[in-house]
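Here's the structure we're looking at; comments come further down.
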Amino acid sequence: MSVVRELSPGWLLDHLSFINKISYELHQHHEPCCSKNEPISSVHLDTLHMDSMSSFGASATCIASTTKPENDDGGNCEMLIQKYVFRSELFDVTKPYITSDIHKECQQSNEKEDLVNDVKKEISISVSGKKRKRCVVFNQGELDAMEYHTKIRGLILDGSSQLIQEGLKSGFLHPLYEKRDKYSEPITLPLDTCNLSELCEMAKHLPSLNEMELQTLQLMEDDISVTEQDLFSRIVENNSSFTKMITLMGQKYLLPPKSSFLLSDISCMYPLLSCKKTYDVIVIDPPWQNKSVKRSNRYSYLSPLQIKQIPIPKLAAPNCLVVTWVTNRQKHLRFVKEELYPSWSVEIVAEWHWVKITSSGEFVFPLDSPHKKPYEGLILGRVREKAALPLRNAGVKELPIPDHKLIVSVPCTLHSHKPPLAGNIPAFLLFTAKGN
């Protein structure tokens, strides 16, 4: 169960459980079909854990087994079934990223004043043996951040505490002293854990494809011999009931059953639009500009103008729910609320908060840290431009979405992995429901 506990403040989620519920199973014919009178030699691999450090970026492990289903001629053929599970070590966040003791040391050099009402603080410094006072003035962005934090601090603290207590009671969360020594050593990830950003950058420099070449690529049952060029800037579908494996830049990726994706730079959205499909729910996690991204050069960020150009109105079904992940920077929050959603004809209906905790129930950052907070925001809105059109299903009504709900979970140590919404949050909150 991905929802460990649901209370009035929100939900305590098990992100790892959700990933593994998808059932990443590869089915491959291991040996040619045999006559039913011939003896069959098989290799029993039920307990084999394959080392996936190089091929799956240290994110998955594999257990393999063999079966011998009968073929159409009454003979047997050997089927190799490989089941992949996400490595639980990647969710083994046992300690906060910044401890409270370190946070307190940082605070000792500052005067304890009301940072919102008094915009100046005095710091004693020594210059040439003499002491003088210097006034530090907070800029408007910092003041807005302080005011926002003051507004939501109570609901973050109280709601999270309730859900964390339930997690400790259920055994999903463990006090630090009860943690097993199994994961005492932190897992070391290779530098090239994922090259998807490099692949998208490569796609920008490829020559434009014509309309015929942009047709949807459907992965066949036993065809995994596709190249990077085959997958760029086109919809790729796995319509089978089993997982498919594809190789990109020497790394292997698993595509779940009944799923599809578009690997493209955001400037090439035509393949998605050409499918003529609309969606009831659209979740967006833009690469927001921030200092950390600039320093690490991990990926390219989008400007506000580029984000506004995402063709949400053409992709959204009537009353589509649009969910946008936003950092705590007030400039970005204001942009989504005051510019982005209005430009898409999206009406804001709720603002939720993802609270990141350790496996022992502590915030990953001190709640009152002036630098990084242990929470991020989600802005939920509905497309209203098409409200006059009938809903996709007759006899349904739109239910209100409560404001300031909390999603509490242990974050994945891989960069920027967000907790899942589909399959976790009750459907009556995200979708329309049948009327009485």
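Only a predicted model underlies this, so the values are computations on that prediction, with no experimental measurement involved.
No cation-pi contact links Lys308 to Trp344, judged by a cut-off of 6.0 Å to the six-membered ring centre and 45° from its axis. Geometrically, Lys405 engages Trp11 in a cation-pi contact, judged by NZ or CZ lying under 6.0 Å from the ring centre and within 45° of the ring axis.
Looking at Glu166, its side chain never comes within 3.5 Å of a backbone N or O of Leu163 through a donor-acceptor pair. Looking at Gln306, its side chain does come within 3.5 Å of a backbone N or O of Ser303 through a donor-acceptor pair. Listed for the Ser259 side chain is a donor-acceptor partner under 3.5 Å among the backbone atoms of Pro256. When atom types are taken as modelled, the side chain of Ser17 and the backbone of Asp14 share no donor-acceptor pair closer than 3.5 angstrom. A donor-acceptor contact shorter than 3.5 Å is absent between the side chain of Ser369 and the backbone of Lys373. Ser345 places no side-chain N or O within donor-acceptor distance of the main-chain N or O of Val383, the cut-off being under 3.5 Å. A donor-acceptor distance shorter than 3.5 angstrom exists from the side chain of Trp352 to the backbone of Pro402, with no hydrogens or angles considered. Of the possible polar contacts, one joining the Thr413 side chain to the Leu90 backbone as a donor-acceptor pair under 3.5 Å is found. Using modelled atom types, no side-chain atom of Ser360 and backbone atom of Pro175 make a donor-acceptor pair closer than 3.5 Å. Checking side-chain atoms of Ser343 against main-chain N and O of Leu340 turns up a donor-acceptor pair under 3.5 Å.
Two residues are said to be in side-chain contact when any heavy atoms from C-beta on lie closer than 4.5 Å; Lys356 and Phe363 fail this criterion. Side chains of Leu367 and Tyr375 form a contact here, defined as non-hydrogen atoms less than 4.5 Å apart. Between Pro411 and Val364, some side-chain heavy-atom pair lies under the 4.5 Å cut-off. Between Val349 and Arg384, the closest side-chain pair of non-hydrogen atoms falls below 4.5 Å. Contact check for Tyr24 versus Val85: no side-chain heavy atoms found under the 4.5 Å cut-off. Using a 4.5 Å heavy-atom threshold, the side chains of Glu376 and Val326 count as separate. Taking 4.5 Å as the limit, some side-chain heavy atom of His353 sits within range of a side-chain heavy atom of Leu155. Side chains of Pro342 and Glu338 form no contact here, defined as non-hydrogen atoms less than 4.5 Å apart.
Here the closest non-hydrogen pair linking Thr278 and Lys314 is CG2-O, 4.0 Å. Scanning both residues, Thr243 and Pro257, for their nearest heavy atoms gives OG1-CD, 3.7 Å. When every heavy atom of Gly361 is checked against every heavy atom of Leu173, the shortest pair comes out as CA-CD1, 4.2 Å. His404 and Ile152 make their closest contact through CE1-CG2, 4.4 Å (heavy atoms, listed as atom of the first residue, atom of the second, distance). Here the shortest heavy-atom pairing between Pro96 and Thr358 reads N-CG2, 3.6 Å. Contact detail for Gln330 and Gly141: the closest heavy-atom pair is CG-O, 4.4 Å.
Atoms OG and CD, from Ser8 and Glu6 in turn, are 9.5 Å apart once rounded to the nearest 0.5 Å. Going from atom CG of Leu26 over to atom CZ of Phe242 covers 10.5 Å, rounded to the nearest 0.5 Å. Leu421 CG to Ser2 OG: the interatomic distance, rounded to the nearest 0.5 Å, is 11.5 Å. Note that CD1 of Ile307 and CD1 of Ile284 are 9.0 Å apart. Values are rounded to the nearest 0.5 Å. Interatomic distance, Leu305 CG to Gln309 CD, rounded to the nearest 0.5 Å: 4.5 Å. The CD1 atom of Ile235 sits 4.5 Å away from atom CG of Leu262, with the distance rounded to the nearest 0.5 Å.
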Item checked: Stepwise salt bridge (charged side-chain N to carboxylate O under 4.0 Å, His left out) check, Lys337 with Glu351 -> CA-CA 10 Å; Lys337 295 177 180 179; Glu351 180 175 350; 2.9 Å; yes
Next item on the list: Apply the test side chain to side chain contact (heavy atoms under 4.5 Å, CB included) to residues Ile282 and Ile312: give CA-CA distance (whole Å), side-chain angles for both, the deciding distance (0.1 Å), then the verdict.
Entry: CA-CA 8 Å; Ile282 298 176; Ile312 295 300; 3.9 Å; yes
Note to self: Is there a side chain to side chain contact (heavy atoms under 4.5 Å, CB included) between Leu13 and Val4? Walk through the geometry before answering.
What the structure shows: CA-CA 5 Å; Leu13 298 187; Val4 178; over 6 Å; no
Next item on the list: Show your reasoning for whether side chain to side chain contact (heavy atoms under 4.5 Å, CB included) applies to Leu272 and Met269.
Entry: CA-CA 6 Å; Leu272 194 59; Met269 298 290 286; 3.9 Å; yes
Next item on the list: With side chain to side chain contact (heavy atoms under 4.5 Å, CB included) as the test, would you mind laying out the steps for Ser160 and Leu406 before giving the verdict?
Entry: CA-CA 7 Å; Ser160 299; Leu406 303 184; 3.8 Å; yes
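For Phe91, the ring pair (Phe, Tyr, Trp, His ring centres under 6.0 Å) partners at least two apart in sequence or on another chain are His15, Phe86.
Side-chain contact annotation: Ser274 with Lys276, donor-acceptor N/O pair under 3.5 Å absent. For the residue pair Thr324 / Tyr341, a side-chain donor-acceptor distance below 3.5 Å is found, with atom types taken as modelled.
With respect to Lys95 and Glu362, no salt bridge is recorded, no charged nitrogen being found less than 4.0 Å from a carboxylate O. Ion pairing of Asp368 with Arg153 is present here, as a side-chain N (NZ or NE/NH1/NH2) and a carboxylate O approach within less than 4.0 Å. Comment: Arg382 does not engage Glu347 in a salt bridge, judged by the lack of any side-chain N to carboxylate O separation of less than 4.0 angstrom. A salt bridge is defined here as a Lys NZ or Arg NE, NH1 or NH2 lying under 4.0 Å from an Asp or Glu carboxylate O, and Arg334 with Asp144 meets this definition.
Ring to ring, Trp288 and Trp325 are not that close: their centroids are 6.0 angstrom or more apart.
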